[in-house]
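Scroll down for the structure; my scribbles are underneath it.
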Amino acid sequence: MYFPSWLSQLYRGLSRPIRRTTQPIWGSLSRSLVLSSQRRNPEFSSFVVRTNTCGELRSSHLGQEVTLCGWIQYRRQNTFLVLRDFHGLVQVIIPQDESAASVRKILCEAPMESVVQVSGTVISRPAGQENPKMPTGEIEIKVKTAELLNACKKLPFEIKDFMKKTEALRLQYRYLDLRSFQMQYNLRLRSQMVMKMREYLCNLHGFVDIETPTLFKRTPGGAKEFLVPSREPGKFYSLPQSPQQFKQLLMVGGLDRYFQVARCYRDEGSRPDRQPEFTQIDIEMSFVDQTGIQSLIEGLLQYSWPNDKNPVVVPFPSMTFAEALATYGTDKPDTRFGMKIIDISDVFRNTEIGFLQDALSKPHGTVKAICIPEGAEILPVFLNTNRNWNSPVANFIMELKRQELIRLMETQEEDVVLLTAGEHNKACSLLGKLRLECADLLETRGVVLRDPTLFSFLWVVDFPLFLPKEENPRELESAHHPFTAPHPSDIHLLYTEPKKVRSQHYDLVLNGNEIGGGSIRIHNAELQQYILATLLKEDVKLLSHMLQALDYGAPPHGGIALGLDRLICVVTGSPSIRDVIAFPKSFRGHDLMSNTPDSIPPEELKPYHIQVSWPTDSKAAKAH
Ligand code: ASP
């Protein structure tokens with residue numbers, strides 16, 4: 001059996017990089033055909049009326065009688081028709097003789113994108129008319145019978161990848177958008193990677209795939225949850241942000257290697273890398289430490305990785321949270337390029353420049369800088385290394401200091417130095433944002449900073465266990481979730497200086513995207529109770545079942561969750577996670593196709609003892 005290369009590679013656990021191109025991708029991606037002799041390719045035409053897919057016919061099929069089903073992609077001069085399915089394109093000859101008038105009528109009159117079934121013989125194209133750009137370009141189909149399975153009305157947009165359309169229109173007609181090569185490719189690659197992950201976890205490492213409830217109860221702290229009303233007055237379910245509690249309870253239950261392709265919900269607005277419902281590869285193991293989980297994930301990604309992408313190199317490098325913040329100004333550094341943050345406080349210790357002096361005199365006050373190579377290209381120069389420093393502060397920096405700065409920052413002509421003064425964390429995170437903005441700007445000017453074919457994984461470790469609450473910095477909240485175990489060497493600090501306690505949490509970062517996170521958990525009820533009640537001041541009643549479970553011989557355990565949508569988004573080079581989800585929500589959390597969320601008549605709300613209190617401002621009222 002033959003496959004276009006992208007498909008055959010997918011089904012061998014491989015895939016091809018997608019180039020953003022205006023070429024007809026179906027053809028260009030299908031040229032080099034590599035078949036695996038070891039792996040059985042799936043049977044795409046079992047149980048259905050077609051004998052073959054549109055993309056698989058070659059010269060070796062000459063003379064065969066075939067039945068194909070597909071969508072009409074082109075028609076030329078009422079003579080040729082090109083049929084398309086997920087597999088590729090095939091040319092069909094519209095019969096011209098009188099005896100085939102009814103077949104001719106069907107094929108000539110059916111609008112583009114109508115779905116048809118044709119039967120006929122595979123013949124070779126006349127000499128000179130072969131199309132080397134088309135994998136099926138040596139053959140065509142001499143049609144004997146045709147059936148219009150369903151006609152297509154006038155389309156809201158053409159089903160061609162190179163036709164530009166707004167995302168809103170794509171989402172409104174998602175079922176049409178899914179016919180595009182790009183969406184077909186993304187969703188099929190996603191399915192293949194998940195299949196390989198299942199294989200690795202279940203077949204090679206004895207994990208058990210277990211479903212957990214999505215109707216659950218409110219979890220203290222963390223992200224906002226969606227509520228689901230119940231028929232008991234004033235009682236609600238919550239949709240879980242993750243199966244965190246259940247996976248830990250499974251460990252107590254002796255299911256010591258759990259995984260799930262889990263749907264999770266967070267009531268937050270969509271962003272390019274977020275949407276209200278998303279999928280995690282959720283994992284938990286008993287009797288494991290941080291290194292064990294990290295090795296498992298490295299192996300999992302290596303095993304499921306598409307082979308023709310740059311390979312996954314293991315073990316992944318690791319960096320502490322403190323180092324990530326100090327060097328890249330973020331907990332998810334994109335390590336594909338430099339432009340690291342440098343502390344230049346010492347250069348300005350005795351400065352007379354007011355704002356620097358001011359910053360340095362405060363607790364944790366620092367002066368930091370990044371050097372943007374060739375930054376003069378993109379920025380009005382603030383400080384550069386040429387003789388005439390173009391900066392409002394330049395006049396105040398003595399020659400000696402200038403030399404010291406140039407040496408520290410390793411600046412060259414035409415580089416730009418961005419400098420900030422302030423509290424360490426704030427200064428770093430500001431420069432971290434500027435670093436990424438500048439990288440984007442430089443790349444729009446053609447400087448290649450981040451190799452798009454490179455996959456740069458990084459573990460970020462040693463996060464703080466607690467953070468000051470935003471609304472009340474005197475109180476603490478969990479940096480991740482309250483079940484995260486403290487770092488063994490910091491446990492004593494829990495009772496004296498909890499803010500200084502590091503956790504056993506780890507994040508997995510890929511090309512500057514957080515694609516996973518997890519931790520070793522607290523398995524001691526007393527410690528869990530102390531953290532929840534005394535340090536976090538949470539209502540422990542909400543978690544009494546967890547505390548109770550820990551008291552019944554809970555094994556030491558830990559886990560991780562990989563954000564599947566984000567992972568596939570990076571692998572496929574898609575601009576947003578919505579491009580790797582079949583039916584995503586819009587930026588504002590709506591399903592534009594079905595108009596969800598929708599209103600409910602008051603009588604249907606009655607059984608839930610709910611009444612809508614309509615907002616009074618006119619804009620909101622109009623919306624209903
Ligand atoms: N449940 C966590 C999350 O969703 C991951 C974990 O700790 O395993 O981020």
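Counting convention: from 1, in listed order, for ligands and their atoms alike. When reading the values below, keep in mind they use all heavy atoms of this one structure, side chains included, and skip hydrogens, waters and symmetry mates.
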(request) Establish, yes or no, whether the cationic atom of R435 lies under 6.0 Å from the six-membered ring centre of F337 and within 45° of the ring axis. (result)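 Yes, R435 lies over the aromatic ring of F337.
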(request) Would you verify whether the NZ or CZ of R502 falls within 45 degrees of the ring axis of F463 while also being under 6.0 Å from that six-membered ring's centre? (result) no
What are the atoms of ligand 1, with element, lying closer than 4.0 Å to any heavy atom of [X]?
{"X": "G517", "answer": "5 (C), 6 (C), 8 (O)"}
{"X": "K247", "answer": "6 (C), 8 (O)"}
{"X": "A561", "answer": "5 (C), 8 (O)"}
{"X": "Q280", "answer": "3 (C), 4 (O)"}

Within the structure, is a non-hydrogen atom of [X] found at a distance of less than 4.0 Å from ligand 1?
{"X": "R266", "answer": "yes"}
{"X": "E284", "answer": "no"}
{"X": "H481", "answer": "yes"}
{"X": "Q241", "answer": "no"}

(request) Just do the side-chain hydrogen bond (donor to acceptor under 3.5 Å, both in side chains) check on Q302 and Y200 with the steps written out, would you? (result) CA-CA 10 Å; Q302 207 171 31; Y200 178 85; over 6 Å; no
Looking at [X] and [Y], does any basic side-chain N land under 4.0 Å from a carboxylate oxygen?
{"X": "D267", "Y": "K224", "answer": "no"}
{"X": "E514", "Y": "K332", "answer": "no"}
{"X": "K537", "Y": "E475", "answer": "no"}
{"X": "K362", "Y": "E423", "answer": "no"}

(request) May I ask you to check if ligand 1 and S242 share an N or O to N or O distance below 3.5 Å? (result)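 There is such a contact, yes.
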For ligand 1, indicate whether the residue [X] contacts it via side chain, backbone, both or neither (heavy-atom separation under 4.0 Å).
{"X": "H480", "answer": "neither"}
{"X": "I560", "answer": "backbone"}
{"X": "Q245", "answer": "neither"}

(message) Starting from atom 7 (O) of ligand 1, what is the nearest protein heavy atom, named by residue and atom, and what distance separates them?
(response) R521 NH1, 2.7 Å
(message) Which residue and atom name correspond to the protein heavy atom nearest atom 2 (C) of ligand 1, and how close is it?
(response) Q244 OE1, 3.5 Å
(request) Assign the ring pair Y175 / Y173 to parallel, tilted or perpendicular, where the plane angle (0 to 90°) is split at 30° and 60°. (result)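 The arrangement is perpendicular - the two ring planes meet at more than 60°.
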(request) Anything under 30° is parallel, anything over 60° is perpendicular, the rest tilted; go ahead and classify H505 against H480. (result)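 The arrangement is parallel - the two ring planes meet at less than 30°.
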